[in-house]
Amino acid sequence: MNKRKGIHFEVSERKILLRIFDVISVLSSLYLVGIVFNFNYFNISTTNFYWTIVLGLYLNFIGSVFEMYNLQVASSQFQTIKSIILTSSLTVLLYLLTPKYTPFLPSNRLQILIFFIAIFGALFTWRMIYVRFFASNRFSKKVILICDKEQLIELVNGLESADPHYKVLGYVNSDSANTNTGDNIKVKSIEIKNLQHFVKKNSISEIVVASQKTDGITVNLYNQLINLLENGYIITEYTQVYESITQRIPVQYVSRDFYRYFPFSRSNQNHFYLIMVRFFEIIFSLTGLLIGFVLLPLIVIGNILGNRGKLFYTQERVGKNGKVFNIVKFRTMVKNAEKGGAVFATTNDSRVTKFGKILRKSRMDELPQFINILKGEMAVIGPRPERPIFVSEIAEVMPFYETRHVIKPGLTGWAQVNYSYGETIDDSLIKLQYDLYYIKHRSLFLDVNIIFKTLSTVLLYRGQ
């Protein structure tokens, strides 16, 4: 069996690594500070072990909100430092404000400063080590593709753009009808007879089979793949790899065979899950409407000065099972914004007023949608409801687009927290992939993940 494979951490492994070492580094720092300095606010012992557990939970929860476990953020030095500052500050503040579960406030204010510096210093040191070593190319995953040549560029871009540590070094052309060499293809072409030699020479970690033409998997190629499998090499199917890395469903690749690859989440029929979700939706809705009521005077003044139109704005949207309903929002655009016809909203849409931009960035424009949630027309989490005219246009291009309507549309969703506005049909395809991933993997864990990411969007003022 081959032993010379490069070290590589999968996406889930890297996230677990970050969470565990964040806690270990902080606790180690506090322990050392307690020995070196006269620091007695936080002591690790068997009698107050719950202090340690609470600190670890706060650190992981607040770190999730400020994207400490987003691998793109974790690989960027600047973004990591920003996240560390926010996470350290809020963790210390929350820890100090919950003395029932944490140590009582110290009488010496210097203790608080030392506590903050110890946590910040530990996270900063460990995360800079991660950026320098663990996010470097030495931990890249080297793979080769078994695919049709015409799809090579799309497949390579799909994998490498989702995970920069995923490096496609070569491919075996499984399309016997297309054997021409292309000048614009930078990935090395591998002859079937040289496959095993190439794999061993380049310390390949994984062989990804992405061929849609069964006649391309010849007896010779099949036997070589079996030999590699017997020697400990991982052989996977492209749709599984793509879904695992991107957390999207590759509908553009599986085409009309999509439903063969799409087992719907059991949570969609789980009555206990649905009852619990509905209970929390009512709680969230009442809380959201209360917040909206408190902010209403400021929003009314801002609307009068900045929007000069009706405060509330309604629009037809497509809900569960294709049923059309009227969504309610605070106005963010100028009057008669669509006098030339319905168009997609864009990132820097000129129709959005200055006050409307504030509402969108803070997501306050969506507070009235809690009314739709209370009425049962929407959920807190789900695919964003689209307008009937756009649904008709997109469904003609994407046969699976209306699959989004098997569950209620949501105020926030997996597509919203992972992708920006859908300004084009191509953008809608990417958002559809995220929506279908949510429908397929719908669970309490994924719902909580979306809530964390939504909080990040609101707190970091990144709404659109």
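In this chain, numbering begins with 1 at the start of the sequence shown.
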Any sub-3.5 Å donor-acceptor pair from [X]'s side-chain atoms to [Y]'s backbone N or O?
X      : Y      : answer
Thr125 : Ala122 : no
Asn372 : Asn326 : yes
Asn270 : Phe272 : yes

Would the number of heavy atoms belonging to other residues, nucleotides or ligands and lying under 6.0 Å from [atom1] of [X] be above 12?
X      : atom1 : answer
Phe198 : CZ    : yes
Phe124 : CZ    : no
Tyr31  : OH    : no

Parallel, tilted or perpendicular, as decided by the 30° and 60° cut-offs, for the rings of Tyr242 and Tyr238: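 Taking Tyr242 first and then Tyr238, their aromatic rings sit tilted (interplane angle of 30° to 60°).
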Geometric class of the Tyr58/Tyr95 ring pair [parallel <30°, tilted 30-60°, perpendicular >60°]: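 Judged by the thresholds at 30° and 60°, the geometry between Tyr95 and Tyr58 is perpendicular.
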If you take all heavy atoms of [X] and [Y], which pair is closest and at what distance?
X      : Y      : value
Glu377 : Phe325 : OE1-CD1, 3.7 Å
Ile451 : Val380 : CD1-CG1, 4.4 Å
Ala118 : Ser29  : O-OG, 2.9 Å
Tyr419 : Lys431 : CD2-CG, 3.7 Å
Thr98  : Leu94  : OG1-O, 3.0 Å
Val23  : Asn60  : CG2-ND2, 3.3 Å

Set of residues satisfying side chain to side chain donor-acceptor pair (under 3.5 Å) with respect to Arg384, sequence neighbours excluded: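 For Arg384, the residues satisfying side chain to side chain donor-acceptor pair (under 3.5 Å) (neighbours in sequence not counted) are Gln369.
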Pairing residues for Arg317 by the side chain to side chain donor-acceptor pair (under 3.5 Å) criterion, not counting sequence neighbours: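 For Arg317, the residues satisfying side chain to side chain donor-acceptor pair (under 3.5 Å) (neighbours in sequence not counted) are Gln315.
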If we ignore angles and hydrogens, is there a donor and acceptor under 3.5 Å between the side chains of [X] and [Y]?
X      : Y      : value
Ser83  : Arg127 : no
Glu191 : His197 : no
Asp148 : Ser174 : yes

I want to check something: taking the side chain as every heavy atom from C-beta on, are [X] and [Y] in contact at a cut-off of under 4.5 Å?
X      : Y      : value
Asn418 : Lys453 : yes
Val73  : Met68  : no
Leu90  : Leu86  : no
Leu225 : Leu221 : yes
Val241 : Glu206 : yes
Ser205 : Tyr233 : no
Ile407 : Pro383 : yes
Leu27  : Leu55  : yes

Roughly how far, to the nearest 0.5 Å, is [atom2] of [Y] from [atom1] of [X]?
X      : Y      : atom1 : atom2 : result
Asp447 : Met276 : CG    : CE    : 11.5 Å
Asn227 : Tyr222 : CG    : OH    : 11.0 Å
Leu59  : Thr91  : CG    : OG1   : 5.0 Å
Met333 : Asp365 : CE    : CG    : 10.0 Å
Leu274 : Lys408 : CG    : NZ    : 9.0 Å
Ile450 : Gln416 : CD1   : CD    : 9.0 Å

Steps toward side chain to side chain contact (heavy atoms under 4.5 Å, CB included) verdict (Arg248, Leu432): CA-CA 8 Å; Arg248 307 193 321 238; Leu432 172 63; over 6 Å; no
Steps toward side chain to side chain contact (heavy atoms under 4.5 Å, CB included) verdict (Lys82, Phe66): CA-CA 9 Å; Lys82 184 176 75 170; Phe66 291 114; over 6 Å; no
Close aromatic pair by centroid cut-off 6.0 Å: Phe452 and Phe61: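 When the ring centroids of Phe452 and Phe61 are compared, they turn out to be within the sub-6.0 Å range.
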Trp414 vs Asp435, side-chain hydrogen bond (donor to acceptor under 3.5 Å, both in side chains): CA-CA, chis, key distance, verdict: CA-CA 6 Å; Trp414 192 233; Asp435 286 333; over 6 Å; no
Chi angles and distances behind the side-chain hydrogen bond (donor to acceptor under 3.5 Å, both in side chains) call for Glu386, His405: CA-CA 10 Å; Glu386 192 53 87; His405 302 141; over 6 Å; no
Full working for side chain to side chain contact (heavy atoms under 4.5 Å, CB included) between Val406 and Ile439: CA-CA 8 Å; Val406 300; Ile439 295 171; 3.9 Å; yes
Steps toward side-chain hydrogen bond (donor to acceptor under 3.5 Å, both in side chains) verdict (Tyr69, Asn449): CA-CA 11 Å; Tyr69 308 109; Asn449 194 356; over 6 Å; no
Full working for side chain to side chain contact (heavy atoms under 4.5 Å, CB included) between Ile84 and Phe120: CA-CA 7 Å; Ile84 290 171; Phe120 174 81; 3.5 Å; yes
